[in-house]
Each structure stands twice: as structure tokens, then as C-alpha cells.
Amino acid sequence: MTTDKSAELLIIVTSFASPEDAKIMAHQLIESRLAACVQIQEGVHSIYRWEDKICEASEVLLSAKTVGDKWLDISNFIKSHHPYDLPELIAYAPEKYEALYGKWVQAEVK
């Protein structure tokens, strides 16, 4: 991993109740250059505790590829535009990835 946050690749994960909401967010992230690529995965079954109740829901996962120095911008954007009161917002920094792909991500979010 690098100390240069502009070169550090991040994968941001959040979830939505519907594919439509995930697609809206995906387009917003790409159009605003906060993410280079967004993938949407349907068919996720979530079990969680919310307000002291055990809940189950069908959800859609959104994974956005960006760089480390965009973390605050993308996390604030998702929180302010997400339909959930408390959206899942997790960032992974892959230890290894194909160099040309990493450069493409960097170029797309500049």
C-alpha cells in the first residue's frame, strides 16, 4: 500500500433497498467523478438489528472504485444522498491490483 492517497485504490461499499436507488447513486458518483466504476449486485439478503428489532431485507450492494484522497468527498456525498438514515459505508483498500487499472481509476476521478 502506498502513502500517496491519490494513488491508493479504494472500493467503497454501500447497500440499497432497490436497484433503482442504487442506479441513481451510481450515475451520480460517476457523473461527479467521485468514482471511476460502480458495480451493482442484486439478490443480497441482509439480517441485522435495527432499533432493538431483528430485521431481514432484500438489498442491493453498490461497489464504487475510487482513490484514497476521495474518501471524505465520496463518503459525505453518499451520506447526504442516500435514502437510509444510517447507510452502510465501508471502504476497502486492496493490497494488490493491476497497475494499469489503478491508473485508469486515478485518471477518471481527477
Side-chain angles (χ1 to χ4, degrees):
M1 194 152 47
T2 179
T3 57
D4 178 7
K5 295 292 183 190
S6 68
E8 176 187 38
L9 188 67
L10 286 184
I11 301 169
I12 311 294
V13 177
T14 190
S15 55
F16 292 87
S18 74
E20 294 77 21
D21 286 343
K23 287 177 188 176
I24 290 168
M25 179 67 73
H27 281 278
Q28 291 173 332
L29 293 175
I30 297 296
E31 289 165 4
S32 62
R33 291 198 173 267
L34 290 172
C37 172
V38 177
Q39 295 172 314
I40 297 170
Q41 181 181 353
E42 295 183 48
V44 174
H45 189 83
S46 297
I47 302 170
Y48 55 95
R49 185 181 310 275
W50 183 251
E51 296 178 344
D52 210 28
K53 294 180 184 168
I54 296 177
C55 304
E56 292 192 40
S58 293
E59 290 190 299
V60 178
L61 282 185
L62 178 149
S63 299
K65 283 66 166 199
T66 191
V67 292
D69 65 357
K70 293 285 185 179
W71 165 246
L72 288 178
D73 293 336
I74 196 170
S75 62
N76 287 331
F77 185 90
I78 290 170
K79 286 187 285 188
S80 67
H81 291 81
H82 203 290
Y84 288 178
D85 292 335
L86 180 62
E88 171 185 16
L89 194 50
I90 300 170
Y92 300 96
E95 186 175 320
K96 297 185 187 297
Y97 50 88
E98 204 283 320
L100 290 177
Y101 181 79
K103 287 181 181 182
W104 173 78
V105 170
Q106 290 172 30
E108 291 301 312
V109 297
K110 296 299 173 198

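D21 CG to H82 NE2: the interatomic distance, rounded to the nearest 0.5 Å, is 8.0 Å. Note that NZ of K65 and CH2 of W104 are 8.5 Å apart. Values are rounded to the nearest 0.5 Å. Separation of atoms OH (Y48) and OG (S15) is listed at 8.5 Å; rounding is to 0.5 Å. To the nearest 0.5 Å, atom SG of residue C55 and atom CZ of residue R49 are 9.5 Å apart. Between atom CD of residue E42 and atom CD of residue E59 there is a gap of 12.5 Å, rounded to the nearest 0.5 Å. Taking CG of D69 as the reference point, atom CG of L10 lies at 9.0 Å (rounded to 0.5 Å).
Between M25 and I78, the closest side-chain pair of non-hydrogen atoms falls below 4.5 Å. By the 4.5 Å heavy-atom criterion applied to side chains, K110 and R33 are not counted as neighbours.
Around the OH atom of Y92, the shell of radius 6.0 Å holds no more than 12 heavy atoms that belong to other residues, nucleotides or ligands. Around the CD1 atom of I54, the shell of radius 6.0 Å holds no more than 12 heavy atoms that belong to other residues, nucleotides or ligands.
Screening D73, V109, L29, I11 for a side chain to side chain contact (heavy atoms under 4.5 Å, CB included) with T66, the sole residue that qualifies is V109.
Panel note: side chain T14, backbone E88; a donor-acceptor pair is recorded below 3.5 Å. Checked by atom type and distance alone, the side chain of H81 pairs as donor or acceptor with a backbone atom of F77 at under 3.5 Å.
In this structure, F16 and Y84 have tilted ring planes: the angle between them lies in the 30° to 60° band.
A22 approaches V60 most closely through the heavy-atom pair CB-CG1, 3.9 Å.
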Inset, instruction - For side-chain contact (heavy atoms from CB on, under 4.5 Å), just list the numbers for K23 and I40, CA-CA rounded to whole Å, side-chain angles, deciding distance to a tenth of an Å, and then say yes or no. - result: CA-CA 8 Å; K23 287 177 188 176; I40 297 170; 3.7 Å; yes
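When the side chains of ILVMFWY residues are joined at heavy-atom separations under 4.5 Å, either directly or via intervening members, L62 and I24 end up in two distinct hydrophobic clusters. Connection of Y97 to V105 is established within a shared hydrophobic cluster, with ILVMFWY side chains joined at heavy-atom distances below 4.5 Å, either directly or through further cluster members. A chain of hydrophobic side-chain contacts below 4.5 Å, direct or via other Ile, Leu, Val, Met, Phe, Trp or Tyr residues, connects V38 to I12. There is a path of hydrophobic side-chain contacts, each under 4.5 Å, that joins L89 to I74.
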